[in-house]
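To find a chain, count down the sequence lines: A is the first, B the second, and so on, and within it residues start at 1.
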There are 2 protein chains.
Amino acid sequence: MKRNTWQREAVRAALADNDGFVSAQALHASLREGGSSIGLATVYRALADLAEEGEADSLQQDGEALYRACTPGSHHHHLICRGCGLTVEIEADAVEQWARDVAAAHGFTRPEHVVDVFGLCAACAELQANPSPS
Amino acid sequence: MKRNTWQREAVRAALADNDGFVSAQALHASLREGGSSIGLATVYRALADLAEEGEADSLQQDGEALYRACTPGSHHHHLICRGCGLTVEIEADAVEQWARDVAAAHGFTRPEHVVDVFGLCAACAELQANPSPS
DNA sequence: TTATCTGCAAAGCATTTGCAATAGT
DNA sequence: ACTATTGCAAATGCTTTGCAGATAA
């Protein structure tokens with residue numbers, strides 16, 4: 001059976017404290033800075049578990065896995081700012097349906113999908129237009 | 001300026017010869033088997049260039065980058081079999097529109113999106129149901 | 001000629017794994 | 001007690017990089 005260790009709780013909490021996506025490395029570093037003595041491998045293992053149990057979303061970026069807390073069972077997608085990492089949760093019922101349909105139309109079963117939209121948020125777009133403001 | 005070497009051509013050709021997504025490693029191996037003496041690093045560099053120039057799609061799976069030839073400028077998505085890697089190109093005009101709308105609704109500009117649907121193709125679903133057929 | 005590209009081997013990174021010690025239950 | 005979990009360090013696997021020699025322009 002799955003045991004309840006303070007390490008797992010720490011990872012769960014650190015993930016919840018964070019608004020955007022975090023890498024395992026970053027999460028481990030921040031836990032260490034917070035005085036925890038948790039090991040890196042443990043963070044990896046905990047995150048993998050959380051993701052499998054549906055308590056965390058994960059996505060791949062630049063060859064590293066990023067995680068984010070999410071309410072169990074709910075399925076949603078993200079709008080992510082390329083500049084500052086700001087993440088907005090988005091509803092995508094229409095896309096869910098479309099994914100199921102397109103999979104079925106080609107004889108595919110057990111469909112899952114990855115849908116993420118990247119862009120520049122208003123603030124970052126502003127920054128890019130005026131690199132040195134005021 | 002960008003030079004035209006036989007290595008770059010070889011990578012472009014090998015990619016075009018392949019129907020699904022291929023890893024850099026696999027592409028390098030197949031080129032070597034074909035008698036080429038191209039180096040692994042060169043394959044990586046060529047693929048990165050092709051992807052940047054829009055001549056190749058790329059996606060991340062299991063911590064490795066997969067590439068696939070694509071007609072420059074065209075934008076499409078993929079339905080990928082988790083079992084055998086079979087890839088079907090899918091139209092997603094509705095999703096394109098949705099992505100643009102959702103980005104705009106949140107003040108995001110220059111939207112790009114990642115939309116991939118994974119599933120089990122008919123053949124692989126069959127195999128999983130009957131692990132050792134006839 | 002000469003700036004870019006190649007190949008090799010050596011890093012570099014994120015992630016995984018083996019194993020003895022530790023700590024839930 | 002029993003066994004899952006931890007932490008460390010070593011191992012793995014993909015990708016990048018430094019550099020000397022090759023090569024396209």
Inset, instruction - Look at all strands and tell whether A/Arg45 reaches a base, only sugar-phosphate, or nothing, counting heavy atoms closer than 4.0 Å. - result: base
Inset, instruction - Would you please name every residue forming a salt bridge (charged side-chain N to carboxylate O under 4.0 Å, His left out) with A/Asp17, sequence neighbours left out? - result: none
Legend entry - Student check: side-chain heavy atoms of B/Leu15 and B/Leu50 closer than 4.5 Å: yes
Inset, instruction - Quickly work out the B/Leu47 CG to C/dC5 P distance and round it to whole Å. - result: 15 Å
Inset, instruction - Please confirm whether the backbone N or O of B/Ala56 pairs with a side-chain atom of B/Arg68, one donor and one acceptor, at under 3.5 Å? - result: no
Inset, instruction - Figure out the CZ/P separation between B/Arg12 and C/dC5, and round it to whole Å. - result: 13 Å
Inset, instruction - Report the distance from atom CD of A/Glu9 to atom P of D/dT5, rounded to the nearest whole Å. - result: 14 Å
Legend entry - Side chain proximity check, A/His28 to A/Thr42, heavy atoms < 4.5 angstrom: no
Inset, instruction - Have a look at the helix from C/dT1-D/dA25 to C/dT25-D/dA1 and give the angle its two end axes make, five pairs each, rounded to 10 degrees. - result: 40°
Legend entry - Exercise: do B/Tyr44 and B/Gln25 side chains pair donor with acceptor under 3.5 Å: yes
Inset, instruction - Can you see which heavy atom on B/Arg3 is nearest to which on B/Arg8, and at what distance? - result: O-NE, 3.6 Å
Inset, instruction - Start with the C-alpha distance between A/Asp49 and A/Lys2, add both sets of side-chain angles, then the distance that settles side chain to side chain contact (heavy atoms under 4.5 Å, CB included), and finish with yes or no. - result: CA-CA 10 Å; A/Asp49 285 353; A/Lys2 195 140 290 179; 4.3 Å; yes
Inset, instruction - Under the side-chain hydrogen bond (donor to acceptor under 3.5 Å, both in side chains) rule, collect the residues that match up with B/Gln97, sequence neighbours excluded. - result: B/Arg100, B/Asp101
Legend entry - Sugar-phosphate or base contact per nucleotide [nucleotides 20-25 of chain C; S, B, -; heavy atom under 4.0 Å]: ---BBS
Inset, instruction - Identify, with sequence neighbours excluded, every residue that meets salt bridge (charged side-chain N to carboxylate O under 4.0 Å, His left out) alongside A/Arg45. - result: none
Inset, instruction - Please tell me if the side chains of B/Asp57 and B/Leu66 come closer than 4.5 Å, counting only heavy atoms from C-beta onward. - result: no
Expected rows: protein N/O vs nucleotides 13-16 of chain C N/O, under 3.5 Å:
unit_1, atom_1, unit_2, atom_2, d
C/dT15, OP1, A/Ala65, N, 2.6
C/dT15, OP2, A/Tyr44, OH, 2.5
C/dT15, O5', A/Tyr44, OH, 3.4

